[in-house]
Amino acid sequence: MTGCTLPAVSHHLRILRTMGLARSRKEGKFIYYNIDSQIINAAFDHMKEERHNG
C-alpha cells in the first residue's frame with residue numbers, strides 16, 4: 001500500500017493525534033485510530049500526484 005513499516009505508520013498516527021487530526025482509543029494492547037475522511041482523501045490525492053510526477 002504505502003510502503004511504510006508498521007512502526008512508521010504508528011509514529012505518524014501518533015503525530016496526527018498530537019496535532020488533533022486523529023482520535024484514538026485503546027483496547028487491550030491495541031490502539032484504534034479515527035481520522036477525518038478529508039485527511040484520508042488528501043493523502044490519497046498526494047500519493048496519486050507523486051506517482052504521476054515520479
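Just so it is clear, the values below take in all heavy atoms, side chains as well, and ignore hydrogens, waters and symmetry mates.
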Quick one: list whatever passes side-chain contact (heavy atoms from CB on, under 4.5 Å) with A8, sequence neighbours left out.
-> C4, T5, H12

Salt bridge (Lys or Arg N to Asp or Glu O under 4.0 Å) contacts in which one or both residues fall within residues 10-26, not counting sequence neighbours = R25-E27

Please, which pairs that meet side-chain hydrogen bond (donor to acceptor under 3.5 Å, both in side chains) have at least one residue in residues 31-46, sequence neighbours excluded?
-> none

Hits for side-chain contact (heavy atoms from CB on, under 4.5 Å) against I40, two or more places apart or cross-chain, chain-then-number order -> I35, F44

